[in-house]
Amino acid sequence: GYNPIQCWARCTRFCGKTSVQFPFGIEEGCFASEQFQLNCANLTSSPALMLGNAQVFDIYIEEGTINITNP
């Protein structure tokens, strides 16, 4: 289910230089549903924000878009 209220106040909001805005999140209690769970992975020498196997570059909540690259 979708929970429009963030459960935790101390959620990680950056992965490297990429901002992670709710409803997306990295830790349990920080995302609105499982589909919005992201992973902050170490690729090469810097952290990378991942959605499944795709790397996330930007999240624009107001526009309802997310920029990713497919592997």
Side-chain angles (χ1 to χ4, degrees):
Y2 182 86
N3 182 1
I5 300 170
Q6 184 177 333
C7 296
W8 306 108
R10 295 184 183 166
C11 296
T12 301
R13 288 293 157 217
F14 280 91
C15 176
K17 294 180 181 179
T18 307
S19 174
V20 180
Q21 302 172 38
F22 187 82
F24 294 94
I26 298 170
E27 300 96 352
E28 192 70 37
C30 295
F31 46 86
S33 78
E34 302 253 342
Q35 292 110 334
F36 294 109
Q37 182 177 11
L38 302 173
N39 180 34
C40 189
N42 257 339
L43 299 181
T44 63
S45 62
S46 61
L49 191 59
M50 304 297 290
L51 177 62
N53 291 329
Q55 185 173 356
V56 177
F57 289 99
D58 293 304
I59 299 172
Y60 301 103
I61 299 300
E62 297 82 22
E63 298 166 11
T65 62
I66 183 171
N67 292 334
I68 62 169
T69 58
N70 270 331

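Note that the coordinates shown come from a computational prediction; the quantities given were computed from them, not determined experimentally.
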Chi angles and distances behind the disulfide (SG to SG under 2.5 Å) call for C30, C11: CA-CA 6 Å; C30 295; C11 296; 2.0 Å; yes
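- Atom CH2 of W8 and atom CD of Q6 lie 11.0 Å apart (nearest 0.5 Å).
- C40 and I26 make their closest contact through CB-CD1, 4.0 Å (heavy atoms, listed as atom of the first residue, atom of the second, distance).
- Taking every heavy atom of both residues into account, A54 and I68 meet most closely at CB-CD1, 3.8 Å.
- Contact check for I61 versus F22: no side-chain heavy atoms found under the 4.5 Å cut-off.
- Heavy atoms only, all atoms of each residue included: A41 and C15 are closest at N-SG, 4.5 Å.
- Atoms CZ and CG, on F24 and L38 in that order, are 6.0 Å from each other to the nearest 0.5 Å.
- Interatomic distance, E34 CD to Y2 OH, rounded to the nearest 0.5 Å: 14.0 Å.
- Taking every heavy atom of both residues into account, M50 and Q55 meet most closely at SD-CA, 3.7 Å.
- A donor-acceptor contact shorter than 3.5 Å links the side chain of E27 to the backbone of T12.
- In this structure, NZ on K17 lies 14.5 Å from CG on L49, to the nearest 0.5 angstrom.
- One distance of note links CG of L51 with CG of N39; it measures 10.0 Å at 0.5 Å rounding.
- One distance of note links OG of S19 with CD1 of I59; it measures 7.0 Å at 0.5 Å rounding.
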